[in-house]
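A short write-up of the structure that comes next.
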2 protein chains.
Amino acid sequence: MTRKDFPSLRLSDIAAAAGVGESTVSRVLRNSGSVSEETRARVRQVVAALGYVPNRIAGTLAAAGSRVVGIVVPSLTNIVFPDLLRGAAGQLDLMGYQAVIGVSDYDGAREAELVASMLAWRPAAVMITGLEHERATPDRLRSSGARVVEMLDVDGEGLDIVVGYSNRAAAEASARHLIGRGYRRIGYVGHEISRDTRAGKRLAGFEAELARHGLALVARELHAGPSSIGAGRDGLERLLARAPALDAVYFSNDDMAIGGYFHCVARGIAIPERLALFGFNGLDVARLAPQPLATILTPRVEIGREAARLALADEPAATVDLGFILIEGATA
Amino acid sequence: MTRKDFPSLRLSDIAAAAGVGESTVSRVLRNSGSVSEETRARVRQVVAALGYVPNRIAGTLAAAGSRVVGIVVPSLTNIVFPDLLRGAAGQLDLMGYQAVIGVSDYDGAREAELVASMLAWRPAAVMITGLEHERATPDRLRSSGARVVEMLDVDGEGLDIVVGYSNRAAAEASARHLIGRGYRRIGYVGHEISRDTRAGKRLAGFEAELARHGLALVARELHAGPSSIGAGRDGLERLLARAPALDAVYFSNDDMAIGGYFHCVARGIAIPERLALFGFNGLDVARLAPQPLATILTPRVEIGREAARLALADEPAATVDLGFILIEGATA
DNA sequence: GTGAAAGCGCTAACAA
DNA sequence: TTGTTAGCGCTTTCAC
């Protein structure tokens with residue numbers, strides 16, 4: 001028995017079995033138009049008995065308007081993106097839409113390819129992250145007619161709908177917090193900011209705020225790869241080897257910061273007396289650590305949810321800043 | 001300008017612009033059939049110039065065979081599932097397929113609904129987790145003609161393809177490890193095992209192994225909700241309040257175990273001298289903690305990848321056990 | 001090597 | 001309230 005031997009039921013089969021016309025079955029299935037309670041019940045009964053599943057491919061083609069939304073995220077390794085996906089998928093589901101996902105690995109060219117292949121499904125909307133894209137991406141998106149939502153960043157120009165927070169403002173708040181606590185010899189441990197443009201914006205915002213206070217980063221350590229606990233751990237070790245006199249370190253995100261925290265605990269470096277740590281994202285693991293990490297909590301699930309809602313809301317283009325919350329924690 | 005004003009280009013537009021027939025354009029686009037190098041180039045040129053994106057909805061309907069694979073996961077909160085998704089999406093992408101995802105929240109009825117709505121897209125395959133499903137799920141799946149892959153568990157009967165590891169064996173190995181280290185007063189901290197059947201199987205396997213050594217769990221604490229660091233932290237606190245004499249605790253997974261670890265660090269409970277901890281999954285955060293957690297490393301990304309490969313491989317039904325690795329760590 | 005035409009399984013007028 | 005029918009935009013014979 002090959003796989004091809006499954007000629008699934010068609011609308012006409014149901015119509016025949018129920019003794020009605022195809023359009024009647026279609027009406028029953030979509031709860032539209034008027035159908036007598038009697039036939040409605042009969043059709044439903046046949047559908048259930050035969051286990052008929054309508055072919056949405058055909059339905060979509062005929063109705064010109066798919067119930068699909070494409071979502072491209074740069075990574076699934078950092079829990080931030082699954083959170084975003086969770087918010088989006090939940091909301092989409094509520095509205096009767098389905099999510100098609102793609103992972104770009106923080107590669108603009110991959111993102112462009114993924115967007116192109118999603119557009120082939122004529123999605124109602126495409127959700128992507130950030131405001132920086134390869135040239136081809138906005139072009140394709142614009143001419144597709146699909147709604148576009150850019151998530152997680154509001155520092156710049158959006159294509160259509162933008163839902164996120166200001167990375168710059170978050171970083172500035174972080175810098176002010178550290179300065180306010182009296183730290184002056186501040187270092188940075190981060191990952192590839194050329195690919196993760198939001199992390200890049202945070203670094204820029206952080207440095208700008210330091211500069212406003214007559215300060216500058218004493219040292220920085222950049223990991224050539226995506227953020228991870230291991231990269232943060234190793235990064236802090238290297239940074240301290242080069243600049244032992246630091247009194248605080250700003251990390252590109254919580255994954256990196258937790259790595260740094262683990263390094264300090266393992267080496268017996270007193271936090272925050274000897275060294276203060278500051279992260280970004282407000283992950284569970286950071287907030288529930290024995291010493292809660294000083295960090296910025298971002299409303300990721302809400303951003304996904306709101307982004308999905310707006311994508312299907314038929315409202316004008318807009319930028320929604322969902323803000324962030326500074327968590328003082330105990331590491332700074 | 002309304003959204004409807006985007007009558008995207010059709011194959012016939014390209015055909016007209018290139019001065020060829022529709023079928024010729026179709027052949028060029030799919031690299032099938034024979035087309036002269038000259039016309040091929042011309043068509044390509046027109047396609048690029050006009051920015052034409054073929055409508056896969058129509059293509060799929062005509063060709064009877066979609067390049068879509070449905071994936072239903074119980075959660076996105078636990079990094080285990082994004083890992084699985086990452087492996088699967090990467091492999092699918094390589095083979096020219098797209099992933100449609102659904103999140104069931106560990107609810108069998110939701111899973112059944114999600115499977116039904118994915119089947120409406122006539123996916124080439126459906127990937128789900130675990131071997132336990134609502135009655136309707138296998139029925140629908142079987143009559144759909146789609147390949148089915150069940151992931152993360154090999155302890156039981158599969159519907160078609162199964163890729164995972166033995167939760168029972170992993171738990172038995174964990175028990176043996178603890179017993180071999182001399183621990184005898186062992187407790188358990190877990191989450192809702194009725195919904196997370198794999199966690200349930202691990203608990204059963206763990207207890208069975210203890211029994212074989214004439215032991216039994218001294219106490220257990222079950223959190224009425226999904227696993228999380230917070231649940232593990234609180235769970236261990238409650239467990240120790242009730243059974244202070246424990247010398248080791250087995251957790252339902254690493255999220256829970258990390259929570260327990262944080263509790264011990266915060267309370268100054270010496271690990272493993274005063275209390276040993278054992279987890280499951282081998283998450284980064286567990287392996288890179290100052291005291292690496294004793295746990296079981298599961299090949300999640302590989303499972304996703306292999307599952308996707310087999311789903312599209314046109315090979316007979318099979319069960320693939322990708323095994324696990326016991327990590328001794330420093331907490332037991 | 002290329003084109004014409006018949007579907008793929010639905011939806012949405014339009015009739016009845 | 002219900003049935004008939006013409007597409008939706010492709011792919012795929014089948015001629016040429």
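Residue numbering restarts at 1 for every chain, and letters A, B, ... go by the order of the sequence lines.
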Query raised in the report: Which is it for Leu11(B) and Leu29(B) under the side-chain contact (heavy atoms from CB on, under 4.5 Å) test, yes or no, and what are the steps along the way?
Result: CA-CA 10 Å; Leu11(B) 194 64; Leu29(B) 258 23; 3.9 Å; yes
Report task. Would you please test Ile14(B) and Leu50(B) for side-chain contact (heavy atoms from CB on, under 4.5 Å) and show each step? Result -> CA-CA 8 Å; Ile14(B) 305 302; Leu50(B) 272 52; 4.0 Å; yes
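Taking the side chain to side chain contact (heavy atoms under 4.5 Å, CB included) definition, one finds that Ala99(B) meets it with Ile101(A), Ile71(B), Leu92(B), sequence neighbours left out. With sequence neighbours excluded, the residues satisfying side chain to side chain contact (heavy atoms under 4.5 Å, CB included) with Arg40(A) are Val28(A), Asn31(A), Val35(A), Glu37(A), Arg44(A). Remark: Gln45(B) pairs with Ala49(B) by the side chain to side chain contact (heavy atoms under 4.5 Å, CB included) rule, at least two apart or across chains. Take Phe81(A) and apply the ring pair (Phe, Tyr, Trp, His ring centres under 6.0 Å) test, not counting sequence neighbours, and it matches no residue. In this structure, Glu302(A) has no salt bridge (Lys or Arg N to Asp or Glu O under 4.0 Å) partners at least two apart in sequence or on a different chain.
Listed nucleotides: dT11(D), dT2(D), dG9(D). Nearest to the side chain of Leu11(B): dT11(D).
Within residues 36-59 of chain B, the residues that place at least one heavy atom under 4.0 Å from DNA chain D are, in residue-number order, Tyr52(B), Asn55(B), Ala58(B), Gly59(B).
Put simply, CZ on Arg122(A) is 11 Å from C1' on dC10(D), counting in whole angstrom units. Distance CZ (Arg10(B)) to C1' (dG7(D)): 11 Å, rounded to an integer number of Å.
Every pair passing side chain to side chain donor-acceptor pair (under 3.5 Å) that includes a residue from residues 117-134 of chain A is listed here, sequence neighbours excluded: Glu111(A)-His133(A), Ser117(A)-Gln98(B), Trp121(A)-Gln98(B), Arg122(A)-Ser8(B), Glu132(A)-Thr197(A), Glu132(A)-Lys201(A), His133(A)-Glu150(A). Screening residues 89-110 of chain A for salt bridge (Lys or Arg N to Asp or Glu O under 4.0 Å) gives Asp93(A)-Arg110(B), Arg110(A)-Glu113(A), Arg110(A)-Asp93(B) as the qualifying pairs, with residues at least two apart or on separate chains. Sorted by first and then second residue, the salt bridge (Lys or Arg N to Asp or Glu O under 4.0 Å) pairs involving residues 64-87 of chain B (not counting sequence neighbours) are Asp83(B)-Arg86(B), Asp83(B)-Arg300(B).
No donor-acceptor contact under 3.5 angstrom links the side chains of Ser144(A) and Arg140(A), judged on distance only.
In the helix from dG1(C)-dC16(D) to dA16(C)-dT1(D), the end axes, each obtained as the rotation axis mapping the C1' atoms of four pairs onto the next four within a five-pair block, lie 30° apart to the nearest 10 degrees.
Using a distance-only test at 3.5 Å, with no hydrogens or angles considered, a donor-acceptor pair links the side chain of Asn167(B) to the main chain of Leu152(B).
Arg147(B) has a carboxylate O that lies under 4.0 Å from a charged side-chain N of Asp160(B), or vice versa, which qualifies the two as a salt bridge.
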Pick out the pairs of N or O atoms, protein on one side and nucleotides 12-14 of chain D on the other, that lie under 3.5 Å.
{"unit_1": "dT12(D)", "atom_1": "OP2", "unit_2": "Arg30(B)", "atom_2": "NH1", "d": "3.0"}

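Taking every nucleotide of DNA chain C with any atom under 4.0 Å from a non-hydrogen atom of chain B, the first and last of them, 5' to 3', are dG1(C) to dG9(C).
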